[in-house]
Amino acid sequence: MLTAAIAGRGQKLKNGIVRKPQGDPCVFVIFGGTGDLMQKKLLPSLFRMAQHGLLPRNSQVLGVARDRSLDDHKFRAWAAKALTELGLTPHDPVWCDTCLHYQAADPARPEDFDALAKRIAALEGKRAGKGNRVLYLALPPLAFEPVIQNLGKAGLNKSGGWTRLVVEKPFGHDLESAQRLNAIVHTHFDESQVYRIDHYLGKETVQNLLAFRFGNALFESAWNRDHIKSVQISVAEQTSIGTRAGYYENTGALRDMVQNHLTQLLTLTAMEVPAAFAADSIRFEKVKVLRSVAPIKREAIVFGQYSPGRVERKKLPGYLQEPGVVPRSRTETFVAMRLEIQNWRWQGVPFYLRTGKSMPRRSTRIVIDFRKPPVALFRTVGRRPHRNILAINLQPDQGFDLTFEVKSPGDRFTLQTERMQFRYPAITDSLWDGYETLLMEIVRGDQTLFVHADETEASWRLYAPLLRRRSMPYPYAAGSWGPEAANKLMEATGGEWTT
Ligand code: BG6
């Protein structure tokens, strides 16, 4: 049993709330069972859930991969090593590693999936109850289709309990491939069984965005074109492409970050109040936002690619110098764009999206720039007169900052800008990794934090035309905030990027 010792006890938070395991015992069938995602995210998340007593009692994990030389015993040794490398303690009594199992299966051999079906049934018969299954595709995208087809043919799309299919990103690489993948998924699974992952939706601050907007009448009443001048959504990464050229050369920043992560932040920021706090209502409102975005004009988008640079005397390579990148590659590592949402709430409010690799530091934030008061009654200290700015920080420093104007002491009615701040350590000792949250939601059967088929297609419909029109990216020095053209994009409407 994964949670032998403390299953069911739950986790007590700093604010006194006790989190209890929810959902039924199940078998986590993880395709890509010895891959990177399993090693770095899924396995440690399952471990931490077990540690906090948040996994349903008797749950089992079945790693599936092509390697036929592995068995349960070797898989357990592999898992113990992976956990130890992450500083976790696989010999902790809460972690019973006899609940880890391994089965070899090759997508090119449908008969392997019949054997897999038998193996899952045997595990359920012995320990994990009446047939609740999480089928998690932690696989490279090319493997999605054959594995889903094989699951369907082997009858693994249904069981005596519930069966949930989890599909990792990227979901398609353009509109046609996303539509084809959705069609294959829907041949074998009902949409209510499908959990498309975008790990940004597992981040606490992203979820808090909904609570913040719809739990505070003060902000929601000002969340519109009458009060907001512009919105920026920026995901700056300090890391470069490193050794990921094999993946990144065929992807680029638009596919890797904008089509999914930034778009999730966009829709949650811009959506209307849902009819209920339920998956269907929320996902419906998100799709409506995407359908209201005007086609993106050529002059409203800037592509960039990092060139050699420096941060604090340290030399950084350019993208073209990274191992595996083809000479003269045009793959973009930076995108900035301006979007117009043509609906009643947002008409005339520019939404700026920006993401890049090899930037000066990691900073993911949504910045809501409120309008100035219509009449300037006061003098100001500092550069920007009379603006309230709400910054929602996703990482590294999760929380919210609101700037507002106060009277400068001593001076006769001169204003200066001050800040109200919320940071998570004030209410919790530890924040969950997104994957723990998402795994818990899958077991609970709540699709709110997962991407609907319509959403994937609406998003590709918006960005796919840009893929075809990608121009030569502007160079920007590694360790800088991107090409100058991205600043010009902002200046055109009188703003600037805040970092
Ligand atoms: C992944 C992208 O989906 O998200 C990576 O493939 C990117 O290129 C990563 O670095 C960013 O995630 P996070 O949670 O570190 O912001």
Side-chain angles (χ1 to χ4, degrees), residues 32 35-42 44-45 86 136-142 144 166-173 178 195-209 232-266 268 303-306 316 319 322-325 329 331-335 353-366 392-399 424 431-439 449-451 455-456 459-460 463 473 478 482 499:
D36 227 36
L37 186 68
M38 174 65 162
Q39 183 182 347
K40 298 205 177 110
K41 294 289 181 186
L42 302 179
S45 296
L86 291 170
Y136 199 123
L137 309 192
L139 291 167
L142 279 180
F144 291 164
V166 185
V167 189
E168 267 293 332
K169 101 171 230 287
F171 197 89
H173 58 271
Y195 292 70
R196 291 177 198 77
I197 293 255
D198 184 311
H199 78 273
Y200 267 51
L201 289 173
K203 291 184 193 281
E204 194 66 38
T205 319
V206 176
Q207 293 160 53
N208 203 359
L209 185 57
Q232 287 179 35
I233 299 173
S234 171
V235 182
E237 294 188 273
Q238 195 176 30
T239 49
S240 65
I241 233 50
T243 52
R244 293 174 74 212
Y247 160 77
Y248 206 80
E249 271 287 271
N250 296 314
T251 313
L254 188 65
R255 285 193 173 103
D256 186 45
M257 298 294 290
V258 178
Q259 185 271 338
N260 33 66
H261 305 325
L262 277 91
T263 298
Q264 288 301 327
L265 302 182
L266 169 74
L268 291 172
F303 293 107
Q305 185 189 76
Y306 61 87
L316 302 172
Y319 181 71
E322 302 284 16
V325 170
S329 167
T331 303
E332 80 285 357
T333 61
F334 174 99
V335 181
L353 267 49
R354 174 180 74 169
T355 185
K357 302 268 184 211
S358 257
M359 297 184 84
R361 63 187 146 78
R362 187 180 196 215
S363 161
T364 301
R365 58 195 333 224
I366 302 170
I392 301 161
N393 293 318
L394 271 71
Q395 48 204 21
D397 203 10
Q398 300 197 47
Y424 272 99
L431 277 179
W432 284 68
D433 179 89
Y435 273 95
E436 286 145 37
T437 305
L438 296 174
L439 284 169
L449 300 181
F450 300 86
V451 186
E455 226 176 317
T456 56
S459 168
W460 278 120
Y463 301 115
T499 53

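Atoms within a ligand are numbered from 1 in the order they appear, just like the ligands themselves.
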TODO: Going by heavy-atom distance to atom 3 (O) of ligand 1, choose the closest among K203, H261, E168.
DONE: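 The nearest heavy atom belongs to H261.
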Open item on the list: Under 3.5 Å between any N/O of E237 and any N/O of ligand 1: does that happen in this structure?
Closed with: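 Between E237 and ligand 1, an N or O pair is found under 3.5 Å apart.
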- [ ] Check whether any N or O atom of K357, backbone or side chain, sits under 3.5 Å from an N or O atom of ligand 1, and answer yes or no.
- [x]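 N/O-N/O distance below 3.5 Å exists for this pair.
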Open item on the list: So if I count the atoms of ligand 1 from 1 in the order they appear, which ones are less than 4.0 Å from some heavy atom of D256?
Closed with: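 In order of number, 2 (C), 5 (C), 6 (O), 8 (O).
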Task: Atom indices of ligand 1 within 4.0 angstrom of K169 heavy atoms, with elements - done: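 Listed by number with element, the hits are 1 (C), 2 (C), 3 (O), 6 (O).
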Task: Closest approach of any protein heavy atom to atom 15 (O) of ligand 1, naming residue and atom - done: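 Sorting protein heavy atoms by distance from atom 15 (O) of ligand 1 puts R362 NH2, 2.9 Å first.
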Open item on the list: Quick test: of every protein heavy atom, which one is nearest to atom 12 (O) of ligand 1, and how far off is it to 0.1 Å?
Closed with: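 Looking at atom 12 (O) of ligand 1, the protein heavy atom closest to it is H199 NE2, 3.1 Å.
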Task: Inter-residue atom distance E332.CD - Q305.CD, 0.5 Å rounding - done: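 Rounded to the nearest 0.5 Å, the CD-CD separation comes out at 9.0 Å.
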Task: Y200 contact mode with ligand 1 (heavy-atom cut-off under 4.0 Å) - done: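 For Y200, only side-chain atoms sit under 4.0 Å from ligand 1.
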- [ ] Answer with side chain, backbone, both or neither: which part of R255 has a heavy atom less than 4.0 angstrom from an atom of ligand 1?
- [x]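 It is neither; nothing of R255 touches ligand 1.
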Open item on the list: In the structure I gave you, are the side-chain heavy atoms of R244 and E322 within less than 4.5 Å of one another anywhere?
Closed with: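 Result no, sub-4.5 Å side-chain heavy-atom pair not found.
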Open item on the list: Tell me whether S459 contacts the main-chain N or O of Q259 through its side chain, where contact means a donor paired with an acceptor under 3.5 Å.
Closed with: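 Side chain of S459 to backbone of Q259, a donor-acceptor pair under 3.5 Å: yes, one is there.
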Open item on the list: Please check: side-chain N/O of Q207 versus main-chain N/O of G202, any donor-acceptor pairing under 3.5 Å?
Closed with: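 Indeed, once roles are kept as given, a pair shorter than 3.5 Å links the two residues.
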Open item on the list: Tell me whether K169 is salt-bridged to D256, with the criterion being a basic N under 4.0 Å from an acidic carboxylate O.
Closed with: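 Result for this pair is yes, salt bridge flagged.
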- [ ] Answer yes if the side chains of Q232 and R354 hold a donor-acceptor pair under 3.5 Å, and no otherwise.
- [x]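 Note: Q232 and R354 side chains miss the donor-acceptor criterion.
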